[in-house]
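Chain letters run A, B, ... following the sequence lines, proteins first and then strands; every chain starts at 1.
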There are 2 protein chains.
Amino acid sequence: MSTEPRTTSDPRELLGYLLKHATAKLMAKTDEALAPFGVDGKEFGALRVLAHGEPQSQLQVARTLGVDRTTMVALLDALERRGTVTRRPDPADRRRNVVELTDAGRQTYRDASAAFAAAEAEFLEGVGPRAAAQLSRTLRALLDG
Amino acid sequence: MSTEPRTTSDPRELLGYLLKHATAKLMAKTDEALAPFGVDGKEFGALRVLAHGEPQSQLQVARTLGVDRTTMVALLDALERRGTVTRRPDPADRRRNVVELTDAGRQTYRDASAAFAAAEAEFLEGVGPRAAAQLSRTLRALLDG
DNA sequence: TATTGTTATACTCTATAACTATA
DNA sequence: TATAGTTATAGAGTATAACAATA
């Protein structure tokens with residue numbers, strides 16, 4: 001007969017704790033990897049959207065990233081200030097800004113992308129490719145359900 | 001020869017996106033489950049610590065939960081206001097407050113605990129017990145590494 | 001009248017600094 | 001001199017409301 005309690009007060013046993021802290025650890029790693037390129041995770045996300053596919057309006061990018069359009073303004077302000085993206089009125093609808101990567105921005109994205117992938121790989125290095133793939137599958141299933 | 005790009009701009013393919021949104025979804029579910037009992041996730045964490053083991057000082061609870069001691073003040077203020085916990089000076093060291101669950105607080109914890117577990121189970125229902133156990137193992141390994 | 005980008009504002013969450021009372 | 005609790009304050013992050021330009 002064990003004297004151990006059936007449950008403990010250790011928060012590290014809760015799935016919520018594990019998810020939250022795994023997220024934080026990955027974010028810290030990727031932010032650190034992106035820092036030399038002058039972008040944070042959110043900005044990298046925007047570059048990623050802009051690097052693939054057609055030029056888009058601010059609102060389209062915001063919706064893809066799941067952020068408010070007012071948040072997008074400050075984000076693009078920072079990227080534009082550093083010469084990573086350009087904004088110009090859409091000739092077809094002058095209410096919109098067409099946002100595009102500059103040549104320098106494309107290079108930044110390529111470099112940052114490699115660093116980002118390396119950070120993700122480092123985060124996963126302890127668990128092996130099978131468990132890593134299983135992790136993504138499970139998370140996707142949890143989000144779909 | 002495929003015309004598909006090797007990568008896409010869809011953020012849903014990134015591990016960081018999956019982790020962040022899985023965390024948010026679970027938090028939303030547990031917060032919703034706890035709401036009828038008048039506590040949020042953080043407060044439930046405090047109740048959980050207090051429900052197991054010896055009475056503790058505010059600082060000890062704060063450290064177990066990984067929050068600042070100034071954050072603990074407002075958290076306990078709310079719980080005390082609702083009659084869930086009591087604070088009294090520790091006779092052995094009057095700088096400290098001994099924090100304990102009231103009888104009502106214990107009942108609240110029991111009820112909230114069942115609701116919390118049900119919410120977690122509902123979150124996991126799409127993936128089966130094997131995948132759920134594997135998820136926890138993988139997350140623990142990622143946090144330890 | 002509705003939409004896009006912008007600005008100003010407010011709100012949440014949390015941490016830092018300073019104060020008090022105790023040790 | 002150091003520690004526990006408290007309070008006031010500041011910072012990051014994000015959302016809401018209102019406004020200008022355009023459709």
Side-chain angles (χ1 to χ4, degrees), chain A residues 11 16-17 19-21 23-24 26-28 30-32 34-35 38-46 49-50 54-81 85-100, chain B residues 11 16-17 19-21 23-24 27-28 30-32 34-35 39-46 49-50 54-81 85-100:
Chain A
Y17 175 92
L19 281 171
K20 186 175 164 187
H21 284 80
T23 305
L26 174 56
M27 297 289 192
T30 52
D31 278 354
E32 188 187 353
L34 294 173
V39 295
D40 63 21
K42 239 175 278 298
E43 290 167 341
F44 178 70
V49 171
L50 294 169
E54 300 295 306
Q56 305 201 50
S57 75
Q58 295 189 192
L59 193 56
Q60 287 171 318
V61 178
R63 285 190 177 135
T64 303
L65 295 175
V67 303
D68 196 86
R69 72 181 201 236
T70 64
T71 304
M72 185 58 39
V73 174
L75 200 160
L76 291 177
D77 283 348
L79 292 176
E80 194 178 38
R81 226 179 293 123
V85 307
T86 56
R87 285 193 268 209
R88 59 186 170 81
D90 183 344
D93 182 345
R94 290 169 45 72
R95 293 173 301 183
R96 301 183 174 205
N97 276 346
V98 177
V99 184
E100 286 179 284
Chain B
Y17 175 92
L19 280 171
K20 186 176 164 186
H21 283 79
T23 304
M27 297 289 193
T30 53
D31 278 354
E32 189 188 351
L34 294 173
V39 296
D40 62 21
K42 239 175 277 299
E43 291 167 340
F44 177 71
V49 171
L50 294 169
E54 301 293 307
Q56 306 200 50
S57 75
Q58 294 189 196
L59 194 56
Q60 287 173 317
V61 178
R63 285 191 177 136
T64 302
L65 295 174
V67 304
D68 197 86
R69 73 187 185 192
T70 64
T71 304
M72 185 57 40
V73 174
L75 199 160
L76 291 178
D77 283 348
L79 292 176
E80 194 178 38
R81 226 179 293 124
V85 307
T86 56
R87 286 193 268 210
R88 58 187 168 82
D90 184 343
D93 182 346
R94 291 169 44 73
R95 292 173 302 185
R96 300 185 176 204
N97 277 346
V98 177
V99 184
E100 286 178 285

Hey, is the side chain of B/Q60 poking within less than 4.0 Å of OP1 or OP2 on D/dA4, counting only N and O atoms?
no

Verify the contact: side-chain N or O of B/R96 to OP1 or OP2 of D/dA2, cut-off strictly under 4.0 Å; return yes or no.
no

Minimal heavy-atom distance between B/P89 and B/R94, with the atoms involved, is CB-NH1, 4.2 Å

Under 3.5 Å, is there a donor-acceptor pair between the side chain of A/N97 and the main chain of A/V99?
no

Between C1' on D/dA21 and CG on A/N97, what's the gap in Å once rounded to a whole number?
11 Å

Rounded interatomic separation in angstrom, taking CG from A/D90 and P from C/dG5
9 Å

Quick check against the 3.5 Å criterion: does A/D90 have a side-chain atom that pairs as donor or acceptor with the backbone of A/V98?
no

Nearest heavy atoms of A/Q56 and A/E54, plus distance in Å:
CG-O, 3.2 Å

Distance, rounded to the nearest Å, where B/Q56 contributes CD and D/dG5 contributes P:
11 Å

What is the separation between atom CZ on A/R88 and atom C1' on C/dT4, rounded to the nearest whole Å?
16 Å

Whole Å only: how far is the CZ atom of B/R94 from the P atom of D/dT6?
14 Å

Using every non-hydrogen atom in the two residues, find where B/V61 and B/M72 come nearest and quote the distance to one decimal.
CG1-SD, 4.0 Å

Would you kindly give the CZ-to-C1' distance between A/R63 and C/dG5, to the nearest whole Å?
13 Å

To the nearest Å, give me how far apart CE (A/M72) and C1' (C/dT3) are.
17 Å

First encountered from the 5' end of DNA chain D, between A/P91 and B/V98:
B/V98

Qualifying residue, where the test is side-chain contact (heavy atoms from CB on, under 4.5 Å) with B/E43 and the options are B/L75, B/L34, B/V85:
B/L75

One character per nucleotide, please: for nucleotides 12-21 of chain C, 5' to 3', B when the base has a protein heavy atom closer than 4.0 Å, S when only the sugar-phosphate does, - otherwise.
--SBBBB---

Nearest non-hydrogen partners of B/D31 and B/D40, listed with the distance:
OD1-C, 4.2 Å

note: A/L59, atom CG; D/dA23, atom P; distance rounded to Å ~ 16 Å

Contact nearer the 5' end of DNA chain C, comparing A/R87 with B/D93:
A/R87

